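The structure displayed is predicted, hence computed values, not measured ones. These values consider heavy atoms only, across backbone and side chains, with no hydrogens, waters or symmetry-generated copies. All chains are named by letter (A, B, ...) in the order of the sequence lines, taking the proteins before the strands, and each is independently numbered beginning at 1.
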Amino acid sequence: MTGLSVFYAALLYVSAAVLVAGLAFKIRQYWTTPAPLKIAVTPAPTTQAGAYVRVAREAALFESLFYSNRWLWIFAMAFHAGLALVLVRHLRYFINPVPDLLALIQPLGVYGGMAMVGGLLVLLLRRFVIDRVRYITRPSDVLMLLLLIGIGVSGFGMKFLHHTDVVAVKAFIMGLYVFDIRELPAEPPLLAHLFMVALLMIVFPFSKLLHVPGVFFSPTRNQADDPREKRHLAAWAAKLEG
Amino acid sequence: MAKVPYTVPALDDLPTVPRIKPGAMSELKSYVAVAAHQEPLGFPGELVENWEQAAVAKMGELLGKYKSLRVYLDMCVKCGACTDKCHYFLGSGDPKNMPVARQDLMRDIYRYYFTPTGKVLGSLVGAKPWTKERLDDWYNYFHQCSQCRRCSLFCPYGIDTAEISMAAREIMDSIGLGQKYCNEIIGKVHKIGNNLGLPEPALVNTLEGLEEDVLDATGHAVKFPLDVEGAEVLFVTPSADFFAEPHVDGLIGYAKVFHQMGLSWTMSSYASEAGNFGMFIGNYEQMRKIAMRIREAAIQLKVKRIVFGECGHAWRVAYAFLNSLAGPFDFLDPRYPVPQHIMELTRGAILSGAIKLDSSANADKVVTVHDSCNIARATRMGPEPGSQFEYPRFVLQAACPKFVDMHPDATRERTFCCGGGGGLLTDELIDIRIKGAKPRVEALRDVVEQHGVTHMASMCAICKSQFTKVLPYYGYEMGMVQSVHQLVSNAILLGGNS
């Protein structure tokens with residue numbers, strides 16, 4: 001067992017713990033903070049079930065963005081859908097044995113990766129080209145894109161330039177499940193890839209990546225438009241009625 | 001009053017997104033409230049000494065009370081989808097009038113005091129501590145937001161800048177930095193019952209005058225009842241309807257509708273205001289206190305229904321918040337929604353034949369309609385989503401033979417604010433009011449040139465006041481602005497239909 005393997009095992013344990021605990025904390029916070037007034041943006045569904053469908057459409061299809069900015073929608077979709085395919089492709093490192101379906105759709109993940117990195121590059125470019133977007137861009141916005149691009153590029157490095165011993169990588173990951181630290185191949189693209197993924201997991205609950213859970217808690221989208229039919233009262237507001 | 005400088009932007013043929021002009025509106029500042037406006041509302045009379053800590057403490061309190069604030073400050077990804085959606089940005093080019101940049105004025109402070117990343121990484125994530133300059137930016141730019149929520153419609157997460165600007169105003173009020181326009185008006189409501197400070201004798205006088213005018217003009221004894229116990233309907237309308245033009249012509253229209261329907265109604269001198277400026281300053285307690293006047297008046301006058309007149313923000317508070325603030329309304333007739341909009345009544349009466357309109361009375365006009373932002377994006381008028389658009393159009397088409405809609409990107413839920421809502425309808429903000437009206441005026445000019453539109457109907461007291469003031473700067477006559485019920489008033493057939 002090398003020090004490198006121990007370091008990466010520790011890094012992945014810590015980053016996974018930060019991701020899970022951080023997200024759990026934020027989700028609990030969002031869940032328990034009251035929304036004292038009905039602020040659905042209308043026209044809105046009049047039933048709660050309808051409002052959940054509206055949120056699902058936002059999360060899956062980026063519906064508001066589609067009507068807001070078609071070009072941005074295309075590249076945001078390329079990035080997010082590509083990322084989703086990449087994540088599915090990576091499940092083979094976390095599941096043993098690999099289900100047939102998962103094995104079958106492996107090539108899709110590569111195209112997903114291309115869409116993801118391509119989308120990200122355009123998203124990065126527009127941060128410098130469009131004056132309005134440049135104005136609202138903070139260093140962290142650029143760093144976040146660079147981090148994601150770095151993850152994608154290092155991934156492609158393993159696929160196309162410097163083949164990694166994926167069997168050993170899978171053995172390393174499966175070992176982490178049972179706290180058995182196995183040898184991680186000491187190959188630069190892999191180490192860079194894993195390091196950046198760990199970094200992403202750590203910053204996730206503290207950054208704008210909170211839009212992932214946040215979109216489900218946005219009152220303008222998840223509330224039913226029924227204020228005349230049902231009285232809506234927060235606990236702190238009820239106390240005012242004394 | 002000193003003359004306030006202003007410039008009128010040139011209109012564009014196609015919707016145009018301006019280049020950013022940093023600082024273009026940074027000096028525009030509405031008058032700050034003095035102790036006489038602040039203290040009656042329970043706010044400090046002037047900026048408190050330890051305002052930085054006090055503001056942080058208040059922000060912490062609000063973060064625990066409003067899910068919207070908590071989630072919206074965290075999750076913006078700075079995608080920029082909102083950057084070309086705000087009428088104030090489109091008119092002024094000032095980047096701090098882009099919704100995300102306006103939010104960032106608060107988000108930067110939030111990051112600094114409330115997030116680990118802000119504490120550790122500082123300016124890398126845009127975190128910034130309080131300075132007097134930042135507070136000045138808050139005051140100026142959070143009073144250049146009309147809380148119209150167009151940005152929220154287009155945001156992929158529904159982030160609502162109105163929620164942020166309301167919270168910002170509440171924080172500023174709590175440290176003694178209130179806005180004169182809003183807080184003076186709220187004080188008048190608490191003291192007298194309406195935004196304009198019209199006392200009961202003045203109201204009685206005005207309404208008697210209107211009865212005489214209508215009798216002279218039509219020969220029909222249309223009543224404008226005040227404080228009549230046992231009436232079926234308590235009618236609540238913005239106080240501008242009592243004397244401003246074209247508002248008062250709308251009031252005459254409502255009265256004719258009630259008269260012709262044979263529905264007994266009354267206004268209240270105690271709750272003689274539909275507008276609720278508590279919303280503008282984001283203060284739940286103030287909003288509730290104002291709303292309770294309506295509940296109390298309804299109980300006292302023993303009415304069975306509550307109906308609201310034409311007013312955008314009023315209808316948002318009435319439709320979306322009244323039940324929370326002042327409910328439950330179980331003492332009213334359960335067959336009717338609480339409250340109702342006058343448009344629901346008029347539409348129903350046209351459909352049932354209870355009133356008849358002769359649209360030839362408006363044959364000299366080609367009419368379009370301005371969807372008020374708060375009606376469009378925060379309410380309904382009937383059971384169906386979108387009834388807030390269909391009902392006014394139904395009424396207008398019944399009253400006017402020639403009706404034309406403006407461009408779909410400037411109507412219905414995509415409507416542009418008039419430029420004067422949300423606590424901006426004050427003379428010292430005329431520069432941003434003119435600029436904020438630009439997208440609306442462009443859409444209006446389009447139908448004027450293409451379809452010969454002569455009049456624009458509006459269903460909001462603020463829109464009517466704003467347009468009558470601002471349209472002349474763009475070369476249109478103030479008389480172009482009409483109340484929806486003014487057009488009904490012209491067309492309604494009185495008598496012989498009881």
Side-chain angles (χ1 to χ4, degrees), chain A residues 26 29-30 33-46 58 62-65 67-69 72 76 123 126 130-133 135-141 143 203 206-215 217-222 225 227-234 236-237 240, chain B residues 17 19-20 63-68 70-72 74-85 95 98 100-101 104 115-117 121 123-126 149 152-160 163 284-285 288 319-321 323-324 327-328 337-338 376-380 383 385-386 388 413:
Chain A
K26 289 307 289 191
Q29 186 182 54
Y30 294 161
T33 306
L37 292 166
K38 283 281 191 173
I39 60 167
V41 168
T42 58
T46 55
E58 289 290 5
F62 308 173
E63 191 173 47
S64 292
L65 186 61
Y67 292 111
S68 176
N69 187 327
L72 180 55
L123 295 180
R126 65 188 285 282
I130 302 171
D131 68 344
R132 303 189 311 279
V133 181
Y135 183 88
I136 58 170
T137 297
R138 303 279 191 262
S140 55
D141 298 313
L143 290 174
V203 297
F206 304 102
S207 68
K208 66 177 185 178
L209 299 185
L210 285 170
H211 69 277
V212 177
V215 66
F217 293 95
S218 174
T220 59
R221 295 292 187 269
N222 72 15
D225 176 20
R228 286 197 296 188
E229 292 76 27
K230 283 188 197 135
R231 186 160 191 237
H232 176 87
L233 196 64
W236 67 260
L240 299 173
Chain B
V17 183
R19 302 280 304 172
I20 62 169
L63 285 166
K65 285 165 99 174
Y66 291 92
K67 193 194 300 270
S68 53
R70 170 68 81 183
V71 176
Y72 294 160
D74 269 346
M75 76 165 157
C76 175
V77 299
K78 316 288 177 82
C79 74
C82 62
T83 56
D84 56 355
K85 303 301 188 288
M98 301 188 297
V100 46
D104 278 351
T115 68
T117 29
L121 301 174
S123 60
L124 197 68
V125 294
R149 311 173 86 217
S152 178
L153 176 76
F154 287 106
C155 172
Y157 315 115
I159 297 173
D160 186 357
E163 292 291 303
Y284 193 100
E285 286 87 342
R288 179 170 179 273
Y319 170 86
F321 303 161
N323 204 0
S324 296
V338 182
R377 287 185 285 265
T379 73
R380 278 185 280 140
Q388 70 271 33
E413 67 266 32

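Looking at A:Lys230, the atoms closer than 4.5 Å to chain B (heavy atoms on both sides) all sit in the backbone: N, CA, C or O. For B:Thr115, no part lies near chain A; criterion is any non-hydrogen pair under 4.5 Å. Looking at A:Ser218, both its backbone and its side chain come within 4.5 Å of chain B, counting heavy atoms on both sides. For a residue to count as touching a neighbouring chain, one of its non-hydrogen atoms must lie under 4.5 Å from one of that chain's; by this rule A:Arg221 touches chain B with the side chain only. Contacts of A:Leu143 with chain B are made by side-chain atoms alone, with heavy-atom separations under 4.5 Å and no backbone atom involved. For chain B, the nearby parts of A:Tyr30 are the backbone and the side chain; heavy atoms of each come within less than 4.5 Å. For A:Leu72, the part lying near chain B is the side chain, with the backbone staying farther off; criterion is any non-hydrogen pair under 4.5 Å. For A:Ala44, the part lying near chain B is the backbone, with the side chain staying farther off; criterion is any non-hydrogen pair under 4.5 Å. Both the backbone and the side chain of A:Asp225 come within less than 4.5 Å of a heavy atom of chain B. Only the side chain of A:Gln29 comes within contact range of chain B, judged by heavy atoms closer than 4.5 Å.
Residue with the most contacts toward chain B among A:Ser68, A:Ala40, A:Pro36, A:Pro45: A:Ser68 (heavy-atom pairs, distance under 4.5 Å). Options A:Arg138, A:Lys38, A:His211, A:Arg228 differ in how many heavy-atom pairs under 4.5 Å they form with chain B, and the most are formed by A:Arg228. By number of non-hydrogen pairs under 4.5 angstrom with chain B, the leading residue of A:Asp131, A:Ile130, A:Asn69 is A:Asp131. The greatest number of non-hydrogen atom pairs below 4.5 Å with chain B, out of A:Leu240, A:Val203, A:Leu209, A:Leu123, is found for A:Leu240. In terms of non-hydrogen atom pairs under 4.5 Å with chain A, the most contact-rich of B:Val125, B:Leu63, B:Asp160, B:Val77 is B:Val77. Contacts with chain A were tallied for B:Gly327, B:Ala81, B:Pro385, B:Ser123; B:Gly327 has the most, counting heavy-atom pairs under 4.5 Å.
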Quick one, B:Tyr284 with A:Leu37, criterion side-chain contact (heavy atoms from CB on, under 4.5 Å). Give me CA distance, side-chain angles, the key distance, then yes/no. CA-CA 9 Å; B:Tyr284 193 100; A:Leu37 292 166; 3.7 Å; yes

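For B:Tyr66, the ring-ring contact (aromatic ring centres under 6.0 Å, His included) partners two or more places apart in sequence, or in a different chain, are A:Trp236.
For the pair A:His232 and A:Pro227, the minimum side-chain heavy-atom distance is 4.5 Å or more. Contact of the A:Pro219 side chain with the B:Tyr72 side chain is registered, since non-hydrogen atoms from C-beta on lie closer than 4.5 Å.
Between B:Arg380 and A:Glu229 there is a salt bridge, since at least one side-chain N of the basic residue sits less than 4.0 Å from a carboxylate O of the acidic one.
B:Glu413 contributes atom CD, which lies 8.0 Å from atom CZ of B:Phe154 (distance to the nearest 0.5 angstrom). How far NZ of A:Lys208 is from OG of A:Ser140: 6.5 Å, rounded to the nearest 0.5 Å. Note that SG of B:Cys79 is 6.5 Å distant from OH of B:Tyr157, once rounded to the nearest 0.5 Å.
With hydrogens and angles disregarded, no donor-acceptor distance shorter than 3.5 Å links the side chain of B:Ser152 to the backbone of B:Arg149.
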